[in-house]
Amino acid sequence: MSKAIPSRSEDYSLWYNELVKKAGLAENSAVRGSMVIKPYGFAIWEKMQQTLDKMFKESGHENAYFPLFIPKSFFSKEADHVEGFAKECAVVTHYRLKNDEEKGGVTVDPDAKLEEELIVRPTSETVIWDSYKNWIQSYRDLPLLINQWANVVRWEMRTRLFLRTAEFLWQEGHTAHATKEEAEAETKQMLEVYADFAEKFMAVPVTKGVKTENERFAGALETYCIEAMMQDGKALQAGTSHFLGQNFAKAFDVKYATKEGKDEYVWGTSWGVSTRLMGALIMAHSDDDGLVLPPKLAPIQVVIVPIYRKDEELEKISEVANKFKSELQAKGISVKFDDRDTQKPGWKFAEYELKGVPVRIAIGPKDLEKGTVEIARRDTKEKQFVEQDKTVDFIEQLLDEIQENIYKKAADFKEENTRTADSYEEFKELLESKGGFIYAHWDGTSETEEKIKAETKATIRCIPLNSNEEEGTCIYSGKPSKGRVLFAKAY
RNA sequence: CGGGGUGUAGCACAGUCCGGUUAGUGUACCUGGUUUGGGACCAGGGGGCCGCAGGUUCGAAUCCUGCCACCCCGACCA
């Protein structure tokens, strides 16, 4: 099968779509807007999950599970929340089918109408806070630090594999605290966890910041986020962490008794990342030959391809290959020895490049003679011969080097495509000609933000956390501004 | 939901304008043989509700109507 994918320069969107499908990550399903995550794609997601789950547990969180269905009435308890999600909810109205006498097949049984409709969760704040009401009585019950791995449904108009699907997988953390300060600290802590994960594991550099009022989570007082840059210069929101204040505590009447015996509302946070991270991972590093995976998240880190003519040769090569396989595995490196005789070496090379396997070892008759192996790295496509007794150490080091290199490449790209604009003309010119991230002054009003969005399609991705205070004037309104914010076109 | 485009073998496409033998090509698949350091070659073979449903016609992949799905551009989107 010809697996060539379109080039990025030709058509970036098409390149992404084809890559996702050809690399065996995911495909569209029979259900509109919902994808099938295929084994290789799911293996990458599982690695992300395992890593994140460990990070959550190390920071004191526990996993739990709450229902998929949420009673409709729960949504209306928090006004901003319902407004934010109402437009994209899937609703369950009946609980039974029956045979269709007229048209054949089955039809919804009108006698099986639910008293109260159920909403398929688009996020779980409401159902979780309803439980928290019963779980929290006293300051001794706090903080409550819960995470849930789940699927959620948001009825999106236009979907794209991983980046925006009607149903997606994610984790959502929901915590309750005695004080505002504690909840704020939690919100920021989880933002740091996300940023660490993105940079150290996904090798994707991110900008940390706070969302403007327009972009804030429905029901939150403050939304923190990490924003990544894709290879086409567009921004991708990779994770969010929300400070909910006492909004949900008040909506669901979650109070605790203080040491002094007074009743107080608890303070909440919620935070999440989704299978959208897969999109970020793919778009940040991959090239026209296929995926480029960071070693820390690659399901297969090293693949060994034998090159042989006769069965005796394969036998000898297998001995060497299996020795490397077990030695590498002993060091915690995942290895696949592809000794299938149904595909030729060249075919396998192309296949594992498409799948983004970081390191490839080829062993052939020449290597047996010389006591070497050929080692190829996916990120730079460099190949070299390495002596067999140095191979294991070499690879261990090489995996670290690849992890670092692809991070650096992405970080350099992000820096090269981050610019400042001091006038609206310059802003529009930069956005049009170069894209990328643009730091510019903004007067702090939603009105200005929306006008800029309408005229240029760029939005304020965030107000960066590390930005220096700098007096200036808004590029749009000319009004005073205390610092630059990050603008970009976004996914 | 609005504008545009596309649905033909697992995948990529031709054929559709102008209806007419048995619907083709590449690739993938199966069999046999030769091969194997970058997607092998030769020979033979199998695979099609032509997106779905209706209609026009002696006859529909082709014409008409409706629907569905996907892609692009908008709108929408934490």
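By convention in this document, chain letters (A, B, ...) are assigned in the order of the sequence lines, proteins followed by strands, and residues within each chain are numbered from 1.
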Distances under 3.5 Å only, N/O to N/O: pair up the protein atoms with those of nucleotides 73-76 of chain B.
residue	atom	partner	partner atom	Å
B:C73	OP2	A:R158	NH2	2.7
B:G74	OP1	A:K457	NZ	2.5
B:G74	N7	A:R158	NH1	3.3

For nucleotides 6-9 of chain B, which of its nitrogen or oxygen atoms have a protein nitrogen or oxygen under 3.5 Å away, and what is each distance?
none

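In terms of the salt bridge (Lys or Arg N to Asp or Glu O under 4.0 Å) criterion, A:K325 has no residue partners (sequence neighbours excluded). Not counting sequence neighbours, the partners of A:R484 by the salt bridge (Lys or Arg N to Asp or Glu O under 4.0 Å) test are A:D422, A:E470. In this structure A:F201 satisfies the ring pair (Phe, Tyr, Trp, His ring centres under 6.0 Å) test together with A:F197, sequence neighbours excluded. Taking the ring pair (Phe, Tyr, Trp, His ring centres under 6.0 Å) definition, one finds that A:F217 meets it with A:H81, A:F85, A:H242, sequence neighbours left out. Partners of A:W271 according to the ring pair (Phe, Tyr, Trp, His ring centres under 6.0 Å) rule, which considers only residues two or more places apart in sequence or in another chain, are A:F56, A:H61. The salt bridge (Lys or Arg N to Asp or Glu O under 4.0 Å) search around A:D53 returns A:K57, not counting sequence neighbours. Residues meeting the salt bridge (Lys or Arg N to Asp or Glu O under 4.0 Å) test with A:E447, sequence neighbours left out: A:K451.
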Spell out protein contact along nucleotides 41-48 of chain B as letters: B when the base is contacted, S when just the sugar-phosphate is, - when no protein heavy atom is under 4.0 Å; keep the 5' to 3' order. --------
Enumerate donor-acceptor pairs with a distance under 3.5 Å from any side-chain N or O in residues 308-315 of chain A to protein atoms, sequence neighbours excluded.
residue	atom	partner	partner atom	Å
A:E313	OE1	A:R309	N	2.6
A:E313	OE1	A:K310	N	3.4

List the atom pairs, with distances to 0.1 Å, where a side-chain N or O of residues 365-376 of chain A and a protein N or O form a donor-acceptor pair under 3.5 Å, not counting sequence neighbours.
residue	atom	partner	partner atom	Å
A:D367	OD1	A:T372	OG1	2.9
A:D367	OD2	A:G364	N	2.9

